[in-house]
Amino acid sequence: AYDPEVSRGCWGQCNVGDPAHTPYRVRPIQHVVSGLEALRHRQVDFIRFIDDTFPLGKEMIGALEDWVHTLGRQPHFFCELRLDQLRNTDLLSRFARIGLCDVFVGAESGSRAELARFDKNIDVASLPKQVRVLRRLGVNVFVGLLLNARSQTRGDLEDTLRLAISTEAAGFYPTFV
């Protein structure tokens with residue numbers, strides 16, 4: 001496995017994970033590709049991007065497509081995405097064609113009230129549908145859920161469990177805060 005870091009921080013402004021709001025920075029694409037290029041003669045077949053928020057964009061996916069096509073084999077990719085990035089089915093479809101096999105997404109909660117307390121500006125109601133789209137593309141989705149937050153109510157936990165049950169994810173990762 002190879003674990004390149006493509007970006008640092010998160011462009012979201014929530015208070016989960018990065019309360020200091022580290023400025024979001026992305027490495028130049030040519031640096032990412034040159035790091036991947038060093039793998040050409042090794043038999044690395046799994047690449048796990050270790051970013052909190054993978055920079056899913058046309059330039060990044062285009063550069064990865066070009067690299068995979070010259071590689072002569074298809075590696076498997078893992079990345080972490082924000083829930084709102086799952087709406088970009090065109091880029092995710094392109095990424096899946098070149099080897100995206102696993103995605104982690106931090107949904108955090110099924111409770112709108114709890115998400116508001118976290119300043120998490122996401123719509124978790126769309127998660128089950130977006131997971132189904134990714135599964136049709138052959139991508140496993142793992143969902144992160146925050147449990148035992150100081151402010152979490154029984155109703156928040158029930159909403160979160162309902163979300164988990166309605167989502168056909170490959171797995172769930174509880175985070176205890």
Indicate yes or no: at least one non-hydrogen side-chain atom of [X] is less than 4.5 angstrom from one of [Y].
{"X": "Leu100", "Y": "Cys79", "value": "yes"}
{"X": "Leu92", "Y": "Val139", "value": "no"}
{"X": "Ser111", "Y": "Leu157", "value": "no"}
{"X": "Pro75", "Y": "Val44", "value": "no"}

hydrophobic_cluster_shared for Ile50 and Tyr173, side chain cutoff 4.5 Å: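 Not linked; separate clusters.
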Please list, chain by chain and in numerical order, all residues satisfying salt bridge (Lys or Arg N to Asp or Glu O under 4.0 Å) with [X], sequence neighbours excluded.
{"X": "Arg73", "value": "none"}
{"X": "Arg112", "value": "Asp123"}
{"X": "Glu65", "value": "Arg94"}

Greater than 12 external heavy atoms within 6.0 Å of Glu59's CD: no
Ring-ring centroid check Phe54 Phe95, cutoff 6.0 Å: yes
Distance from [X] atom [atom1] to [Y] atom [atom2], nearest 0.5 Å?
{"X": "His31", "Y": "Glu5", "atom1": "NE2", "atom2": "CD", "value": "14.0 Å"}
{"X": "Arg82", "Y": "Leu56", "atom1": "CZ", "atom2": "CG", "value": "12.5 Å"}
{"X": "Ser166", "Y": "Leu127", "atom1": "OG", "atom2": "CG", "value": "7.5 Å"}
{"X": "Ser126", "Y": "Leu83", "atom1": "OG", "atom2": "CG", "value": "5.0 Å"}

Could you pull out the closest heavy-atom pair between [X] and [Y], with the gap in Å?
{"X": "Pro55", "Y": "Ser7", "result": "CD-OG, 4.0 Å"}
{"X": "Leu145", "Y": "Phe172", "result": "CD1-CD2, 3.8 Å"}
{"X": "Leu115", "Y": "Ser109", "result": "CD1-O, 3.7 Å"}
{"X": "Leu147", "Y": "Pro174", "result": "CD1-CB, 3.4 Å"}
{"X": "Thr160", "Y": "Glu114", "result": "OG1-OE1, 4.1 Å"}
{"X": "Gly106", "Y": "Ile122", "result": "O-CD1, 4.3 Å"}

Modelled atom types, side-chain donor and acceptor of Asp156 and Thr153, under 3.5 Å: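 Present: a donor and an acceptor within the cut-off.
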For Val141, the option from Leu134, Val133, Thr167, Leu81 that meets side chain to side chain contact (heavy atoms under 4.5 Å, CB included):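 Of the listed options, the one satisfying the test is Leu134.
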Gln152 side-chain N/O to Asn148 backbone N/O, donor-acceptor pair under 3.5 Å: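 Judged by distance alone, yes, a pair lies under 3.5 Å.
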Glu168 backbone acceptor or donor facing Arg132 side chain under 3.5 Å: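 Absent.
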side-chain contact (heavy atoms from CB on, under 4.5 Å) between Glu108 and Val124, intermediate numbers included: CA-CA 9 Å; Glu108 319 309 3; Val124 292; over 6 Å; no
Steps toward side-chain contact (heavy atoms from CB on, under 4.5 Å) verdict (Leu64, Leu36): CA-CA 9 Å; Leu64 290 174; Leu36 292 171; 3.5 Å; yes
Parallel, tilted or perpendicular: ring planes of Phe49 versus Phe77, cut at 30 and 60 degrees: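 Parallel: the ring planes of Phe49 and Phe77 meet at under 30°.
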Verdict with reasoning, Gln85 to Glu80, per side-chain contact (heavy atoms from CB on, under 4.5 Å): CA-CA 10 Å; Gln85 289 177 293; Glu80 295 188 23; over 6 Å; no
